[in-house]
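Down below is the structure, laid out as structure tokens.
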Amino acid sequence: MKTYVTQGFEPIDTLKKPGSDTPWTLKEKLLLGLSSGEYVKQLVRNPFNWILAIIYAVGIPIILGRFYYGLGWVTHSSYDYPWGLFLGWGLFCMVPLSASGFMLGTTVELFGRKDFKPIERLGLLNGLLGYFFAVMFLQADLGQPWRLIYPMFVSLGPAAVLFLVAWHVATYLTVQVAELVPAASEMMGWKAPKKFVKSIVLGLTVAGIILSTLHQGALGALFTYAPGKVHPLWYSYSFQWFHFFCSSIFAGLSMLIVVSTLSKWFLKWRCDADFLGSLDRITLGLSKGASLALITYLIIKLTAVAHDNEWGLLFTGWGQWYIFELSFGVILPLILYTVAIRNQSVAVARFAALIAVLGILLNRLNTALITFNWNLYQEIPHWREIVITVTIYATYILVYRAVLYRLPILYTWKGESK
Amino acid sequence: MKRLNRRSFLKGGLASGVTAAAVTGSVGKADAAGDFGGYPDSMGVLVDLTKCIGCRTCEAACNKEQNLPAPDKPFTDMSVHDEVRHGGLPRRTSEKAYTVVNKYEVEGREHPLFRKVQCNHCQEPGCLTSCFVNAYTKTPEGAVIYDPKVCVGCRTCMIACPFYIPAYSYSSPINPVVKKCIMCYDTRLKFGRPPACVEACPQQVMTFGKRKDLIDLAHKTIKSRPSLYLDHVYGEKEVGGTSWMYLTSQDAPFGEIGFDTHLGKQPIINYVKEFLAIVPMVLTIWPALFTGFHLLATRKEAKKNDESVS
């Protein structure tokens with residue numbers, strides 16, 4: 001794609017063909033204005049697509065096998081570790097990293113910080129796709145995925161934490177789709193849907209905050225069902241929901257910094273001047289938000305240790321691991337963000353964001369898998385489970401890229417009638 | 001017998017209510033914790049581990065009663081007692097076996113001690129309270145039963161069970177379900193009969209009866225031979241109480257024969273209540289709070305609009 005752009009090609013960003021009144025057809029829009037042949041040529045030229053092809057060559061047969069032979073074929077069928085990578089990675093890691101949707105919605109629409117507008121849609125899209133693929137991971141993990149709607153309509157267990165997660169993720173997905181309707185409307189030339197969403201945007205945003213507070217917290221609260229199984233340092237029945245909620249704030253913001261950086265590097269041709277010009281300033285703004293969440297999180301984590309009087313546990317082997325998680329995943333990014341903000345150094349902020357994302361992955365995997373059953377034994381996931389996880393994640397990246405190519409997320413649609 | 005009409009019922013109810021209030025101090029206080037505490041006449045089983053010889057007759061009876069697949073090794077094969085699975089652990093319940101008997105060599109004891117494992121049928125089960133499709137039911141008879149027709153297969157019940165009991169038929173691609181002991185509810189308990197394993201035991205290790213009577217019996221048994229029995233009825237208080245309870249000997253305390261002695265007395269759901277309590281608060285307070293923040297944050301714009309209008 002870069003090659004075409006350097007040759008003078010301009011991807012479609014208007015409703016009508018330049019200099020005339022004929023509108024672009026849907027096919028032309030989907031192919032960005034290239035011919036089918038040219039489009040395939042750029043697909044083949046991109047080395048990343050070759051990596052994807054290899055992942056799919058191995059992954060798709062194994063995903064089919066998972067549904068043909070059952071979960072027992074792709075996992076160790078553990079009764080002691082009923083949740084493996086599909087949920088440990090796909091649900092517990094993907095959802096906090098997708099908190100950017102409600103964070104940016106709140107910043108721009110609710111607090112009126114219009115200066116963050118250029119990145120708002122990327123934040124919303126990051127949220128929507130993260131949640132959507134968390135559900136895909138869930139579908140790979142559920143014993144009977146075709147019964148996904150049972151907790152909604154067939155047999156209700158409203159007192160369970162997972163009931164709340166199910167309902168909230170479903171409604172929040174709807175909210176996020178609605179929040180991205182304007183982007184699709186611009187591209188398709190629809191006017192009514194965009195106007196309608198604009199009129200209810202405050203309601204959508206507030207709904208986003210409520211649903212996010214509760215389901216991010218609920219993912220943590222799911223582990224309060226397992227008091228002796230999660231290691232006490234990672235377990236706190238009073239604060240578990242707040243740990244998960246608070247850490248999702250800096251997780252979402254840091255993920256947004258990472259994704260916007262990747263977009264700037266690999267999709268520069270699709271970013272407009274507005275996005276590229278404001279990105280450094282916005283990155284530092286997001287850094288400020290992330291560092292506030294980080295310090296809050298650090299304090300409430302230490303409060304939990306004090307609350308349950310677990311200081312002695314810090315001197316055990318698991319305690320060292322806990323100290324490592326906090327130092328690497330919380331204190332280090334906190335220091336880096338502070339340095340970045342003080343010196344106005346965007347590069348340091350981007351590095352801090354990467355560390356913070358890795359820190360969140362470590363925390364969620366620690367809670368769900370590594371310290372889970374700490375007094376039994378360590379479970380290493382089956383290789384097929386890892387392959388399926390990688391394949392679904394690759395699909396997430398593929399869809400993400402396809403949407404960024406087309407919808408006005410990184411650029412502004414031109415000639416839009418108000 | 002005097003027929004109870006509505007009037008006398010109300011009068012009687014009022015009178016006993018007042019008496020109850022006078023005795024307990026306050027009606028409200030008695031309900032303040034909101035604990036369920038179990039059905040009053042539920043049944044249970046008292047297991048006297050000092051009597052068990054590890055013959056596996058109960059395993060065979062369970063297998064037959066529940067129509068489970070044939071075991072890998074016959075029930076007469078005692079080498080299973082020395083089997084070690086992942087993590088150096090003894091056998092556990094599985095999709096093919098709802099109960100297993102394990103052997104424990106305890107230091108300072110001449111003979112090994114055997115422990116029977118199956119669902120303990122909690123008074124307030126973790127599996128039941130964590131299920132988002134209400135697949136589990138605690139019956140008034142005391143059994144914790146499961147409805148495979150609504151189960152989605154999220155396996156949160158397996159996370160929530162403090163005793164690591166529910167197993168899952170991972171091998172089935174079309175209809176994987178949770179597999180666990182249901183205290184022979186469908187075939188026996190419903191009709192007032194003891195579970196198959198209890199009836200089959202040649203050593204009378206297990207006593208079937210009303211749970212409250214079994215608690216009395218357990219304490220009487222301990223008092224009758226204080227030098228033999230450990231003064232602890234496992235399951236009387238653990239995780240809010242269980243229908244299955246255990247007695248062990250002084251020289252083989254529960255912690256050394258595979259029981260988790262750090263579970264505490266609270267039912268599992270109590271650990272989740274702090275989160276459940278914030279849900280209605282967030283749902284009711286957040287909308288007004290954040291709309292208020294919005295008005296506050298955009299007040300300058302609003303003022304500007306006002307001025308431009310006037």
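Quick note on labels: first sequence line is chain A, next is B, and so on, each numbered from 1.
Contact annotation for B:Glu95: both backbone and side-chain heavy atoms come within less than 4.5 Å of a heavy atom of chain A. Heavy-atom distances place both the backbone and the side chain of B:Ile159 under 4.5 Å from chain A. For A:Gln240, no part lies under 4.5 angstrom from a heavy atom of chain B. Proximity to chain B is absent for every atom of A:Leu211, based on heavy atoms less than 4.5 angstrom apart. Heavy-atom distances place the backbone of B:Ile174, and not its side chain, under 4.5 Å from chain A. There is no contact between B:Arg299 and chain A, counting heavy-atom distances below 4.5 Å.
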| said: As a quick check of understanding, evaluate side chain to side chain contact (heavy atoms under 4.5 Å, CB included) for B:Val133 and A:Val154, giving each step before the final call. | reply: CA-CA 8 Å; B:Val133 288; A:Val154 178; over 6 Å; no
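Interface remark: of the candidates A:Tyr81, A:Trp146, A:Phe67, A:Trp146 forms the most heavy-atom pairs closer than 4.5 Å to chain B. The most heavy-atom pairs under 4.5 Å with chain B, out of A:Ala218, A:Gly220, A:Ala226, A:Gly228, come from A:Ala218. The choice from A:Ala166, A:Ser155, A:Ala207 that makes the most heavy-atom pairs within less than 4.5 Å of chain B is A:Ser155. Chain A forms the most heavy-atom pairs under 4.5 Å with one residue out of B:Pro173, B:Cys161, B:Gly87, B:Gly88, and that residue is B:Pro173. Among the candidates B:Leu128, B:Asn175, B:Thr93, the residue making the largest number of heavy-atom pairs closer than 4.5 Å to chain A is B:Asn175. Heavy-atom pairs under 4.5 Å with chain A were tallied for B:Ile285, B:Ile268, B:Leu276; the largest tally goes to B:Ile268. Most heavy-atom pairs under 4.5 Å with chain A, from the set B:Val282, B:Asp260, B:Asp147, B:Thr298: that is B:Val282. Per-residue counts of heavy-atom pairs under 4.5 Å with chain A were compared for B:Phe275, B:Tyr136, B:Tyr168; the largest is that of B:Phe275. The candidate with the highest count of non-hydrogen atom pairs below 4.5 Å against chain B, out of A:Trp83, A:Tyr68, A:Trp73, A:Tyr69, is A:Trp83. Counting heavy-atom pairs closer than 4.5 Å to chain B, the top-ranked of the candidates A:Thr106, A:Thr75, A:Ile209, A:Thr205 is A:Ile209.
Note that CZ of B:Phe290 is 11.5 Å distant from CG of A:Leu202, once rounded to the nearest 0.5 Å. Separation of atoms OG1 (B:Thr284) and CD1 (A:Ile210) is listed at 9.0 Å; rounding is to 0.5 Å.
Between A:Pro151 and B:Val152 there is a side-chain heavy-atom pair separated by less than 4.5 Å. Looking at heavy atoms from C-beta onward, B:Tyr170 lies in side-chain contact with A:Tyr79 at the 4.5 angstrom threshold. Between B:Ile278 and A:Thr213, every side-chain heavy-atom pair lies at or beyond the 4.5 Å cut-off. Side-chain atoms of B:Val279 and A:Leu164, non-hydrogen and from C-beta on, do get closer than 4.5 Å to each other.
Closest of all the heavy-atom pairs between B:Cys131 and A:Ala160 is O-CB, 3.4 Å. Shown here for A:Leu71 and B:Arg155, the closest heavy-atom pair between the two residues is CD1-NH1, 3.5 Å. Looking at every heavy atom in both residues, A:Leu156 comes nearest to B:Asn134 through O-ND2, 3.1 Å. The nearest pair of heavy atoms linking B:Tyr164 to A:Asp80 is CD2-OD1, 3.7 Å. Counting all heavy atoms, side chain and backbone alike, A:Leu142 lies closest to B:Cys154 at CD2-CA, 3.6 Å. Contact record, A:Leu110 with B:His294: O-ND1, 2.7 Å, taken as the closest heavy-atom pair.
The number of heavy atoms from other shown groups lying within 6.0 Å of NE2 (B:His86) is above 12. Shown here is B:Lys265, whose NZ atom has no more than 12 heavy atoms of other residues, nucleotides or ligands within 6.0 Å. Counting non-hydrogen atoms of neighbouring residues, nucleotides and ligands closer than 6.0 angstrom, the NZ atom of B:Lys103 exceeds 12 such neighbours. Other residues, nucleotides and ligands contribute more than 12 heavy atoms inside 6.0 Å of the NZ atom of B:Lys73.
The backbone N or O of B:Lys149 lies less than 3.5 Å from a partner atom in the side chain of A:Arg147, making a donor-acceptor pair. In this structure, B:Ser171 contributes its side chain and A:Gly72 its backbone to no donor-acceptor pair below 3.5 Å.
Among the candidates B:Gln266, B:Lys273, B:Glu274, the single residue satisfying the side chain to side chain contact (heavy atoms under 4.5 Å, CB included) test with A:Tyr237 is B:Glu274.
Using the six-membered ring where Trp is involved, A:Tyr235 and B:Tyr271 have ring planes that are perpendicular, over 60° apart on the 30 and 60° scheme.
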